[in-house]
Amino acid sequence: MAITDACSTTQNVEIQKLSWDSDFFQLNIGKIEIRELDDNVISQIKELAIQEGYDLIYIYSDIKQELKDQSVFLVDDKVTYFYDIESPVLSVPEMNLLELYDASVIDDSIYCLALQAGEYSRFKLDKKFPDASFESMYRAWIENSVSGRIADEVWVCQTNMEEKYAGLLTLKKEEEATIGLIAVDDTCRGQKIGSLLLSQAKKSAFEGGIKRLNVSTQYMNVAACKFYESNQFKVKEIKYIYHMWLC
């Protein structure tokens, strides 16, 4: 379907069916990526989505826009950071606190860290999702990471004070490396655990022949943005994500 925006630029748009999301939430969910939104474009997307029987559309746009249609709302200013690894990352004594997580039964504190990683998640902020959807999704995320289905490595930091984990990082290594989940327990922040986890991710990537590390967060998560920037990460792109509910 060709969609014309306010500037008379034709944008060829088709809805991508998201099978995992659809199965998990028991909804028919699709995704559209588009350069720029306006209410005319929204009307055309909605018509197409209704024709194809969708319940929910994730709309990714390059430009932030105020919209009149109340069924469409901004849920995430997704900022992706990158770090180019130009030289080997040296080990420091504090890295001895980190270990690869390998367990058949996932510790409760690991689940807790996964939920803390999603504090600003759009799946938590959008209250139209069924109750407990966010918790279930992030539990599935860490389970699929530990099992190796969506992550190659899961790094944890264990405290000496209590029998629980203080930090968590999941890493996928392909042509570029990508951090999926990263969190430091709210009782252990300010101890440089997050920076240690980032250093480990850089080290793992470089040793695997990978020279770029990516991580995404929400622009509204000011503390996370400052954290990555203080660790010399640079902004790669910002995507504005809207949810269009049709049910």
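Count residues from 1 along the sequence. Computed over heavy atoms, backbone and side chain alike; hydrogens, waters and symmetry mates excluded.
Here the side chain of T170 pairs no donor or acceptor atom with the backbone of V154 at under 3.5 angstrom. A distance-only check finds no donor-acceptor pair linking the side chain of N144 to the backbone of R149 [under 3.5 Å]. Without hydrogens or angle criteria, Q158 side chain to L98 main chain gives no donor-acceptor distance under 3.5 Å. At least one donor-acceptor pair closer than 3.5 Å links the side chain of D55 to the backbone N or O of N28. Judged purely by atom type and a 3.5 angstrom limit, D152 has no side-chain atom pairing as donor or acceptor with the backbone of G148. Between the side chain of S230 and the main chain of F227, a donor-acceptor pair closer than 3.5 Å is present.
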request  = Could you walk me through whether E143 and W141 pass the side chain to side chain donor-acceptor pair (under 3.5 Å) test, one step at a time?
outcome  = CA-CA 6 Å; E143 288 168 359; W141 191 340; over 6 Å; no
Intermediate values then yes/no, side-chain contact (heavy atoms from CB on, under 4.5 Å), K172 and I150 = CA-CA 7 Å; K172 183 69 176 177; I150 62 173; 6.0 Å; no
ask   = Under the side chain to side chain donor-acceptor pair (under 3.5 Å) criterion, do K128 and S133 qualify, and how do the steps go?
value = CA-CA 10 Å; K128 288 184 70 67; S133 292; over 6 Å; no
task = I would like to know whether V215 and T178 meet side-chain contact (heavy atoms from CB on, under 4.5 Å); could you show each step before the answer?
result = CA-CA 6 Å; V215 63; T178 301; over 6 Å; no
ask   = Run the side-chain contact (heavy atoms from CB on, under 4.5 Å) check on E14 and Q16 step by step: do they pass?
value = CA-CA 6 Å; E14 62 179 43; Q16 173 192 354; over 6 Å; no
query = Is there a side-chain contact (heavy atoms from CB on, under 4.5 Å) between I29 and F24 once you walk through the steps?
reply = CA-CA 10 Å; I29 300 177; F24 185 82; over 6 Å; no
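The closest side-chain heavy-atom distance from C188 to D185 is below 4.5 Å. For the pair Y81 and E229, the minimum side-chain heavy-atom distance is below 4.5 Å. Two residues are said to be in side-chain contact when any heavy atoms from C-beta on lie closer than 4.5 Å; I182 and L168 fail this criterion. Contact of the V92 side chain with the L196 side chain is registered, since non-hydrogen atoms from C-beta on lie closer than 4.5 Å. Residues Y165 and D107 meet the side-chain proximity criterion, which asks for heavy atoms closer than 4.5 Å. Between S61 and R35, every side-chain heavy-atom pair lies at or beyond the 4.5 Å cut-off. Counting heavy atoms from C-beta on, the side chains of K211 and E86 never come closer than 4.5 Å. Y120 places none of its side-chain heavy atoms less than 4.5 Å from the side chain of T217.
To the nearest 0.5 Å, atom CD1 of residue I85 and atom CD of residue E207 are 10.0 Å apart. A distance of 12.0 Å separates CZ of R122 from CG of D77, quoted to the nearest 0.5 Å. Distance check, rounded to the nearest 0.5 Å: CD of Q44 to CD1 of I34 gives 8.5 Å. L197 contributes atom CG, which lies 12.0 Å from atom CG of L181 (distance to the nearest 0.5 angstrom). To the nearest 0.5 Å, atoms CH2 (W155) and CG (L100) are separated by 3.5 Å. Of the inter-residue distances, the one linking I59 atom CD1 with M244 atom CE reads 4.0 Å to the nearest 0.5 angstrom.
Between E135 and R139 there is no salt bridge, since none of the side-chain N atoms of the basic residue sits less than 4.0 Å from a carboxylate O of the acidic one. Of the charged side-chain nitrogens involved, at least one lies within less than 4.0 Å of a carboxylate oxygen, so that K46 and D69 count as a salt-bridged pair. Contact check on D62 versus K239 returns a salt bridge, with a Lys/Arg side-chain nitrogen under 4.0 Å from an Asp/Glu carboxylate oxygen.
Closest approach of I142 and A114 over heavy atoms only: CB-CB, 3.9 Å. Here the closest heavy-atom approach between residue L169 and residue I179 is recorded as CD1-CD1, 3.8 Å. Taking all atoms of both residues into account, the shortest heavy-atom contact from Y138 to A117 is CE2-C, 4.4 Å. The heavy-atom pair separating Y101 from V156 by the smallest distance is CB-CG1, 3.9 Å. Looking at every heavy atom in both residues, I193 comes nearest to A166 through CD1-CB, 3.8 Å. For K173 against S204, the heavy-atom pair with the smallest separation is NZ-O, 3.7 Å.
There is no side-chain donor-acceptor pair under 3.5 Å between S216 and K236. Between the side chains of E47 and S43, no donor N or O sits under 3.5 Å from an acceptor N or O. In summary, the side chains of Y219 and D76 do not present any donor paired with an acceptor at a separation below 3.5 Å, with no hydrogens or angles considered.
Put simply, the residue from Y54, F129, Y60 that forms a ring-ring contact (aromatic ring centres under 6.0 Å, His included) with H243 is F129.
At a threshold of 4.5 Å between side-chain heavy atoms, the hydrophobic network of Ile, Leu, Val, Met, Phe, Trp and Tyr places L90 and M95 in two separate groups. In the hydrophobic clustering of this structure, L74 groups with I45; members are Ile, Leu, Val, Met, Phe, Trp, Tyr whose side-chain heavy atoms approach within less than 4.5 Å, directly or through other members. Tracing side-chain contacts under 4.5 Å through hydrophobic residues (I, L, V, M, F, W, Y), one reaches M137 starting from W245; they form part of the same cluster. Residue F73 is grouped with residue F25 when hydrophobic side chains (ILVMFWY) are merged at heavy-atom distances under 4.5 angstrom, including chains of intermediate members. Side-chain heavy atoms closer than 4.5 Å link hydrophobic residues (I, L, V, M, F, W, Y) into clusters, and following such links, even through other members, never connects I210 to F82.
Heavy atoms from other residues, nucleotides or ligands lying under 6.0 Å from CG of N96 number more than 12. By the 6.0 Å contact criterion, CG on D186 is enclosed, its count of non-hydrogen atoms from other residues, nucleotides or ligands being greater than 12. Heavy-atom neighbours of K78 NZ from other residues, nucleotides or ligands within 6.0 Å: at or below the threshold of 12.
Here salt bridge (Lys or Arg N to Asp or Glu O under 4.0 Å) pairs that include residues 187-202, with residues two or more places apart or in two chains, number zero.
Aromatic ring centres of F233 and Y83: separated by under 6.0 Å.
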